[in-house]
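Notes follow once the structure below has been shown.
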Amino acid sequence: MANQYEQLDWNALKAFLTAAREGSFSKAAKHIGVTQPTLSRQIYNLESALNVTLFERLSTGLVLTDAGQHLLEYAAPMGMAAQQVSLAVSGLSSDLEGEVSLSVSEIDALFRLPSITAFLREHAPTIRLTIHVNNSISDLKRRDADIAIRSFQPTELDLIARRLVDEPIWLYGLPDPVARYGSLAQPKNLGAVEIIGFEREGDLLRRLHALGWPLTEQHFPIVTPFQGLQWELVKKGLGLV
């Protein structure tokens with residue numbers, strides 16, 4: 001007779017891992033590509049097979065129980081191994097056809113993707129392209145997307161990276177605000193500068209500090225993750241971007 005652990009359904013474990021990561025059955029079901037009742041049934045069957053409760057179902061979302069947290073510690077490496085297998089197998093085919101998902105930021109979607117898409121349609125017409133426009137970082141190893149256009153070097157050693165272009169990064173604004181700020185190369189002039197950014201702290205602030213710009217959160221009076229709005233605010237003279 002097979003041991004109980006040998007009878008565990010990998011699809012149920014995958015449903016558990018995804019629900020633990022997403023924090024809700026509906027989001028997990030959408031990510032996997034099944035209906036919510038199907039995913040809920042897989043979780044229920046897993047709980048029944050293990051005779052434990054894996055999640056507390058709260059109005060605000062899912063919370064792992066102690067048993068769920070314990071299972072996650074052992075199941076997470078299995079999920080990572082499955083991702084590696086999927087990546088390895090998908091890399092065996094050299095045919096330019098089938099479904100391909102591409103993740104890009106809003107600015108890249110507006111100013112780069114039309115030309116890239118036209119090129120792909122001409123040279124690989126059998127590809128069915130799905131474009132995800134999101135400023136958050138897609139996890140390629142988790143298959144959030146097949147390809148991502150990023151403005152930084154990925155750190156995952158098993159991803160294939162290609163440098164497309166080197167591009168200088170500047171702060172932009174209307175002539176009047178820029179003239180009012182004076183030479184930003186002089187630290188004494190930075191007190192008046194106003195920057196429209198994604199956040200008031202984090203990577204951008206650290207990079208500017210490294211360049212000798214002693215900026216603080218006060219220099220970011222307006223923050224928004226929507227790049228299109230950032231650009232329109234700059235056109236109103238409300239800061240630099």
Side-chain angles (χ1 to χ4, degrees), residues 1-105 126-150 152 154-161 225:
M1 179 181 295
N3 293 326
Q4 185 182 30
Y5 71 85
E6 294 176 335
Q7 299 175 352
L8 291 180
D9 182 3
W10 165 244
N11 287 325
L13 284 172
K14 182 170 68 172
F16 163 73
L17 287 170
T18 308
R21 184 179 65 237
E22 299 293 338
S24 88
F25 286 163
S26 59
K27 291 181 180 178
K30 182 178 180 181
H31 184 85
I32 294 177
V34 299
T35 64
Q36 181 174 337
T38 296
L39 184 132
S40 298
R41 184 170 60 254
Q42 290 173 331
I43 298 292
Y44 174 78
N45 291 340
L46 181 60
E47 290 178 322
S48 298
L50 298 175
N51 196 28
V52 295
T53 299
L54 298 173
F55 294 104
E56 292 184 35
R57 281 77 163 173
L58 305 178
S59 59
T60 55
L62 301 174
V63 176
L64 284 168
T65 63
D66 290 342
Q69 187 64 51
H70 190 64
L71 177 61
L72 182 62
E73 294 176 4
Y74 289 93
M78 298 173 60
M80 294 177 64
Q83 291 167 7
Q84 295 299 317
V85 171
S86 178
L87 288 171
V89 171
S90 63
L92 295 177
S93 174
S94 59
D95 296 333
L96 297 178
E97 61 181 16
E99 300 279 351
V100 176
S101 58
L102 176 63
S103 174
V104 295
S105 69
T126 57
I127 285 180
R128 298 188 299 275
L129 186 64
T130 300
I131 301 172
H132 302 284
V133 181
N134 197 323
N135 289 329
S136 62
I137 301 173
S138 298
D139 190 335
L140 299 187
K141 296 177 67 175
R142 204 177 68 186
R143 302 310 296 271
D144 288 346
D146 299 311
I147 303 170
I149 296 179
R150 296 172 170 173
F152 59 91
T155 57
E156 300 91 337
L157 296 179
D158 47 356
L159 291 182
I160 298 174

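Values below: every heavy atom of this structure, side chains too, minus hydrogens, waters and symmetry copies. These numbers were taken from a predicted model, which means no experiment stands behind them. Numbers here are sequence positions counted from 1.
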Side chains of [X] and [Y], heavy atoms from C-beta outward: is any pair under 4.5 Å?
X     : Y     : answer
Leu71 : Leu46 : yes
Leu62 : Arg57 : yes
Leu39 : Lys27 : no
Val52 : Leu54 : yes

Exercise. Go through Asn45 and Ile43 one step at a time and tell me if the side-chain contact (heavy atoms from CB on, under 4.5 Å) criterion holds.
Key: CA-CA 5 Å; Asn45 291 340; Ile43 298 292; over 6 Å; no
Quiz prompt | From CA spacing to verdict: side-chain contact (heavy atoms from CB on, under 4.5 Å), Ile131, Val133 | solution = CA-CA 6 Å; Ile131 301 172; Val133 181; 4.1 Å; yes
Closest heavy-atom contact between [X] and [Y]?
X     : Y     : value
Ser26 : Gln36 : CB-OE1, 3.3 Å
Phe25 : Ser40 : CD1-OG, 3.5 Å
Gly68 : Phe16 : O-CZ, 3.3 Å
Ala12 : Gln42 : CB-O, 3.6 Å

Quiz item: In Å, rounded to the nearest 0.5 Å, how long is the span from OG of Ser103 to CD1 of Ile147?
Solution: 10.5 Å
Quiz item: About how many Å separate OG1 of Thr18 and CG of Leu13, when rounded to the nearest 0.5 Å?
Solution: 10.5 Å
Practice problem: Would you check, one step at a time, whether the test side-chain contact (heavy atoms from CB on, under 4.5 Å) holds for Ile32 with Lys14? | Solution: CA-CA 9 Å; Ile32 294 177; Lys14 182 170 68 172; 4.3 Å; yes
Report yes or no: does [X] contribute a side-chain atom to a donor-acceptor pair with the main-chain N or O of [Y] at less than 3.5 Å?
X      : Y      : value
Thr38  : Val34  : no
Arg128 : Thr126 : no
Thr65  : Thr53  : yes

Self-check item: Intermediate values then yes/no, side-chain contact (heavy atoms from CB on, under 4.5 Å), Glu99 and Thr130
Solution: CA-CA 8 Å; Glu99 300 279 351; Thr130 300; 4.2 Å; yes
Quiz item: With the threshold set at 4.0 Å, does a side-chain nitrogen-carboxylate oxygen contact exist between Glu47 and Arg41?
Solution: no
